[in-house]
Amino acid sequence: MIRAFSISQTPCEGFRLFRALRRNSFLPANPLSSSFALKCCIKSGDLLGGLQIHGKIFSDGFLSDSLLMTTLMDLYSTCENSTDACKVFDEIPQRDTVSWNVLISCYLRNKRTRDVLVLFDKMKNDVDGCVKPDNVTCLLALQACANLGALDFGKQVHNFIDDNGLSGALNLSNTLVSMYSRCGSMDKAYEVFNRMRERNVISWTAMISGLAMNGFGKEAIEAFNEMLKFGISPEEQTLTGLLSACSHSGLVDEGMMFFDRMRSGEFKIKPNLHHYGCIVDLLGRARLLDKAYSLIESMEMKPDSTIWRTLLGACRVHGNVELGERVISHLIELKAEEAGDYVLLLNTYSSVGKWEKVTELRSLMKDKRIQTKPGCSAIELQGTVHEFIVDDVSHPRKEEIYKMLAEINQQLKIAGYVAEITSELHNLDSEEEKGYALRYHSEKLAIAFGILVTPPGTTIRVTKNLRTCVDCHNFAKFVSDVYDRVVIVRDRSRFHHFKGGSCSCNDFW
DNA sequence: ATAGGGTTAG
């Protein structure tokens, strides 16, 4: 009877019904109805209702019902309470693969990405007895690897998939393509993609977005055209990937052409905010700032903060102060301005030498108590992730690292590297001091560590939480040439492949 | 009958 209601009632109504029935004792205690009510709470994000049901489950004596406990974990997981989800997990009498998977998905959802990898290892080594990772576990683990940029671990999961007869599933292959792309390994992404027996629009989208993210615009366009040849229609995300590929690689004409084809209705998809964002970025990079501005004004939907932020980034690159100020006023109007926005405007002022404006804005930021986020870079070595923050002195091998960095700086100087002072945001007085502070940006520390501990010729892979600055970008270019290393840096939003003194991206001219 | 599927402009 209750199940019939689940079809016609909205989640909230379903829960109210459950409560009413319980209050009037029409409903005998039964784990199935509790499970249904829990699901209602999960759907509607009703933590309080869920807690009440947890209490009922306790008083009804159903705490030993493993299935019910698993649903309960999912409640805490959706309500961003991984601690309580974990507590419930510990109390489940018979944990099966699904209970493990729910916990893993909880950790993934709640940004406890490292714990996902720990749990995957535990399952693989059968710590709990009779529990083995299945296709869902692998899928979740791969997503965690993609988020972390943990390529080595991702490869291990890939091996596990192959060794345990799980390969061949379309969703796993799609996730593998995405994971390898998001770890900056396009060779491996291609390999998986090429071996796939069947490919759906998701596979193509994963490949196109991966190429876009890694700065391979031409290849992304080729993949898109090939997809059309196979008779597969693009989705919104496919076109987002395609347009972002064009903007990242400076393919202005191609990007505009695809955008026009889109607007003409060829793909039966109307441009959304993401598509507009790509085109604003494309025009902005090409110095067509006014065109970008009027495109934003012409949009049929309200521009969000990201759209404005994209234009602000272009103002910074081209030193357009007037437009930059206009853009930040839009962000303030939206009440969406962030520390990074002020930093961009600050950079715009300093790039054109408007020092009095710089001082003014700095004191404004101080008044508004705007805190900038510290940069953090990570490098994965033999499965261990080493993290560095600006001026980091916490690493056990810090002395060697700083010595290495000093040596690298000396070598680069000989090759013609000059520190880019406008990148430095701290309030430093002399130019000399500025150059000094720049030396300890987190990605430089991570790169120095990579050179220190890996044999010559090894690819250095670094992941960073913010966008890389002009100076570190330059630094990496020189390192790739002078030390003959491929350096792959994952930014907040994309990859930079440095090789022989140049970068695959189109970010800095 | 408890997990997830590719999260997408910067």
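Here is the naming used below: chain letters follow the sequence lines, and residue numbers restart at 1 for every chain.
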Listed nucleotide nearest any side-chain atom of [X], set [options]:
| X | options | value |
| --- | --- | --- |
| A:Arg109 | B:dA9, B:dG4, B:dG6 | B:dG4 |
| A:Leu273 | B:dA9, B:dA1, B:dG4 | B:dA9 |
| A:Leu140 | B:dG4, B:dG10, B:dT2 | B:dG4 |
| A:Leu139 | B:dG5, B:dG10, B:dA9 | B:dG5 |
| A:Asn101 | B:dA3, B:dG4, B:dT2 | B:dA3 |
| A:Asp304 | B:dA9, B:dG6, B:dG10 | B:dA9 |
| A:Leu67 | B:dT2, B:dG6, B:dA9 | B:dT2 |

(request) Using modelled atom types only, decide if a donor and an acceptor are shared between the side chain of A:Arg490 and the backbone of A:Gly184 within a distance under 3.5 Å. (result) no
Just checking [X]: base, sugar-phosphate only, or nothing, at a heavy-atom cut-off of under 4.0 Å?
| X | value |
| --- | --- |
| A:Thr70 | base |
| A:Thr310 | sugar-phosphate |
| A:Val102 | sugar-phosphate |

In whole angstrom, give the distance that lies between atom [atom1] of [X] and atom [atom2] of [N].
| X | N | atom1 | atom2 | answer |
| --- | --- | --- | --- | --- |
| A:Met262 | B:dA9 | CE | C1' | 12 Å |
| A:Arg494 | B:dG10 | CZ | C1' | 8 Å |
| A:Asp96 | B:dA3 | CG | C1' | 10 Å |
| A:Met123 | B:dA3 | CE | C1' | 10 Å |
| A:Lys39 | B:dA1 | NZ | P | 9 Å |
| A:Leu239 | B:dG6 | CG | P | 19 Å |
| A:Asp134 | B:dG5 | CG | C1' | 13 Å |
| A:Glu235 | B:dG5 | CD | C1' | 12 Å |

Is the shortest side-chain N to carboxylate O distance from [X] to [Y] below 4.0 Å?
| X | Y | result |
| --- | --- | --- |
| A:Lys87 | A:Asp84 | yes |
| A:Lys188 | A:Glu191 | yes |
| A:Lys270 | A:Glu300 | no |
| A:Asp260 | A:Arg263 | yes |

(message) Under 4.0 Å, heavy atom to any atom of DNA chain B: which of residues 163-178 of chain A qualify?
(response) A:Asn171, A:Asn174, A:Thr175, A:Ser178
(message) Under 3.5 Å, is there any donor-acceptor pair linking the side chain of A:Gln143 to the base of B:dG4?
(response) no
(message) So, under a plain 3.5 Å distance rule, would you say the side chain of A:Asn135 forms a donor-acceptor pair with the base of B:dA3?
(response) no
Please check the phosphate of [N] (OP1 and OP2 only) for any side-chain N or O of [X] closer than 4.0 Å.
| X | N | value |
| --- | --- | --- |
| A:Thr238 | B:dG6 | no |
| A:His248 | B:dG10 | yes |
| A:Arg182 | B:dG6 | no |
| A:Thr306 | B:dA9 | no |

(request) Would you check if there is a donor-acceptor pair between the side chains of A:Glu443 and A:Thr468 at a distance under 3.5 Å? (result) yes
(message) For the residue pair A:Asn171 / A:Asn135, report whether a side-chain donor-acceptor contact shorter than 3.5 Å exists.
(response) no
(message) Going by the rule ring pair (Phe, Tyr, Trp, His ring centres under 6.0 Å), which residues pair with A:Tyr190 if we only count those two or more places apart in sequence or in a different chain?
(response) none
